[in-house]
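Below is one structure, written out as structure tokens, with a few remarks after it.
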Amino acid sequence: MSSEVFPVRWEDGTVVMIDQTVLPAEYRELSTKSVEEVVGWIETMVVRGAPAIGVAAAYGIALAAIELRDKSRDEFDTGLAKARDRLARTRPTAVNLFWALERMIHLAESQVPDKSPSAIADLLLEEAKDIQNEDYEMCRTIGKLGAELLPDSGGVLTHCNAGALATAGYGTAVGVLRAAWEMGKNIHVYSDETRPRLQGAKLTCWELNRLGMPFTLITDNMAGHFMQQGKISAAVTGADRIAVNGDSANKIGTYTVAVLCREHNIPFYIAAPLSTMDFNCPDGSHIPIEERGRDEVLDVIPGCAEVYAEIHVANPAFDVTPARLINAIITDKGVAYPPFEESLVKFREE
Ligand code: MRU
């Protein structure tokens, strides 16, 4: 069994996705030619993880363009804008979604007026494939750069899933762990289960298991204990949106991990491609945080649906880790150190 995992890809005229809602119990692939289906799959988290959502959205635009390829140029432009707006309403926090949509729409809009919709649709499909391939390469670079920061041996904590499943392949935070392991470092991963949707337990552990890497699954409330015991030497997570000052939104609970790291004098790293940077966002207070349904929180309490019908449940899907708690941000352009408003902006200019 190959250890490579590609959550979104183009095959025989369709978009194929690994259905991440049924892992690890079942491995199932879904395929579609419909942009509406891609919209639904992003919303229901068949595909999730910031860079993977970006790749899925790019293919969504390519599918819309293919559906519209026999229309007039005006109808094509209007239809594409509608598809963009619909995809943009799926999930608010991961900026990679908006980054990919903008890149795709910019390509379409920059075509001369007499270019045929059919020719533009071909270009858009190639662009979506480029976004996918570039993300994979960026993850490889992030992996190599980040692996250098990890100790030669020791426990490394990660939260949520920032692995191959969350990207075009290879992963950001898991890419760092994987690259360190591949270069011979004696890394033992601690994977937070990541309530409420359990991306750590269901997805990160599935990936680490396939890779044959040593790891321990822990519940979210155990991280402090293992740090206190000296079992964890570093923590690395992905990000969904990074503000100019370095404040980083990631899966709910990431902030708690960063606070615990500071208390225990353990370095806390974020690993993310530059497409996760929001250069229009000055700090974390401007990052929109997705609020998801109450069922995700209640589902784990057997038989509570009726008894708890009236209780208030909060379910923010992300939190913001302030830049002051982040030791470094590992990007595909290099490792950024504080002050991030200087180091990250420099990468953008390169
Ligand atoms: O709600 P999800 O599963 O899409 O959240 C995913 C995360 O928070 C990841 O850590 C983040 O997107 C980085 S993925 C490389």
Side-chain angles (χ1 to χ4, degrees), residues 5-8 17-21 23 41-57 90-100 132 135-136 138-143 146 157-179 191-207 220 235-242 248-258 268-278 287-293 296-297 315-321 326 329-332:
V5 168
F6 302 106
V8 187
M17 294 194 203
I18 297 173
D19 183 353
Q20 301 191 35
T21 63
L23 283 170
W41 291 350
I42 296 173
E43 285 175 343
T44 56
M45 295 173 70
V46 163
V47 62
R48 33 63 53 202
I53 293 171
V55 174
T90 51
R91 296 195 70 193
T93 304
V95 77
N96 310 61
L97 168 75
F98 307 97
W99 171 87
Q132 178 188 354
D135 185 73
Y136 182 84
M138 288 189 292
C139 284
R140 296 299 303 233
T141 306
I142 289 168
L157 180 75
T158 192
H159 188 74
C160 193
N161 171 263
L165 287 166
T167 60
Y170 202 78
T172 54
V174 173
V176 168
L177 300 168
R178 184 174 169 178
S191 172
D192 274 348
E193 66 171 351
T194 317
R195 281 274 288 139
R197 287 191 65 106
L198 305 176
Q199 290 95 327
K202 290 182 171 176
L203 307 177
T204 301
C205 291
W206 181 77
E207 288 191 28
D220 300 332
V236 55
T237 74
D240 288 83
R241 192 185 293 233
I242 302 174
S248 298
N250 191 50
K251 180 52 54 195
I252 191 77
T254 304
Y255 170 48
T256 315
V257 170
F268 175 81
Y269 303 118
I270 292 275
L274 229 56
S275 53
T276 304
M277 282 288 312
D278 184 350
I287 298 178
I289 300 293
E290 177 182 8
E291 182 73 25
R292 294 187 63 86
E296 290 182 354
V297 176
N315 188 13
F318 302 95
D319 59 24
V320 175
T321 299
I326 302 170
I329 300 178
I330 307 153
T331 79
D332 51 295

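Indexing begins at 1, ligand by ligand and atom by atom, following the structure's order.
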So, taking the atom named [atom1] in [X] and the one named [atom2] in [Y], what distance separates them when rounded to the nearest 0.5 Å?
X	Y	atom1	atom2	value
Trp99	Ile53	CH2	CD1	13.5 Å
Cys205	Asn161	SG	CG	9.5 Å
Leu274	Asn96	CG	CG	10.5 Å
Asn250	His159	CG	NE2	7.0 Å

Classify the contact between [X] and ligand 1 as side chain, backbone, both or neither, using a heavy-atom distance cut-off of under 4.0 Å.
X	result
Gln199	side chain
Met45	side chain
Ala162	both
Arg91	side chain
Thr237	neither

| task | Report yes if some heavy atom in the side chain of Ile289 is under 4.5 Å from a heavy atom in the side chain of Val320; otherwise report no. | result | yes
Identity and distance of the protein heavy atom lying nearest [atom]:
atom	value
atom 14 (S) of ligand 1	Ala166 CB, 3.5 Å
atom 11 (C) of ligand 1	Asp240 OD1, 3.2 Å
atom 15 (C) of ligand 1	Thr172 OG1, 3.1 Å

| said: I need the single residue from Thr194, Val174, Leu165, Leu177 that forms a side chain to side chain contact (heavy atoms under 4.5 Å, CB included) with Thr204. Which is it? | reply: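 When Thr194, Val174, Leu165, Leu177 are each tested with Thr204, the side chain to side chain contact (heavy atoms under 4.5 Å, CB included) holds only for Val174.
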| said: With side chain to side chain contact (heavy atoms under 4.5 Å, CB included) as the test, pick out the partner of Phe268 among Thr254, Val236, Leu157. | reply: Thr254
Does [X], backbone or side chain, put an N or O under 3.5 Å from an N or O of ligand 1?
X	result
Asn250	yes
Gly49	yes
Gly238	no

| request: Kindly identify the option in Ser248, Ala239, Gly253 whose heavy atom sits closest to atom 13 (C) of ligand 1. | output: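 When every heavy atom of Ser248, Ala239, Gly253 is considered, Ala239 comes closest to atom 13 (C) of ligand 1.
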| said: Regarding atom 1 (O) of ligand 1: of the candidates Arg292, Glu290, Arg48, Lys251, which has the closest heavy atom? | reply: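 Closest candidate by heavy-atom distance is Lys251.
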| task | May I ask you to decide whether Arg241 forms a salt bridge with Asp278, counting only side-chain N to carboxylate O separations under 4.0 Å? | result | yes
| Subset of ligand 1 atoms that lie under 4.0 Å from at least one heavy atom of Ala50 |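 Selected atoms, number and element: 12 (O), 14 (S).
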| task | State the atoms of ligand 1, each with its element, that fall below the 4.0 Å cut-off from a heavy-atom position in Thr167. | result | 15 (C)
| task | Give the intermediate values and the outcome of side chain to side chain contact (heavy atoms under 4.5 Å, CB included) for residues Arg197 and Lys251. | result | CA-CA 10 Å; Arg197 287 191 65 106; Lys251 180 52 54 195; over 6 Å; no
| For the residue pair Pro51 and Ala166, what are the closest heavy atoms and their distance? |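 Answer, listing the atom of Pro51 first, then Ala166: CD-O, 3.2 Å.
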| query | Measuring from the heavy atoms of Ala94, does anything fall under 4.0 Å of ligand 1? | reply |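 No; Ala94 lies far enough from ligand 1 that no heavy-atom distance drops under 4.0 Å.
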| message | Measuring from non-hydrogen atoms of Asn161 to any atom of ligand 1, is the shortest distance under 4.0 Å? | response |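 A heavy atom of Asn161 does come that close to ligand 1.
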| query | Would you find more than 12 non-hydrogen atoms of other residues, nucleotides or ligands less than 6.0 Å from Phe6 atom CZ? | reply |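 Yes, because the 6.0 Å sphere around CZ of Phe6 holds more than 12 heavy atoms from other groups.
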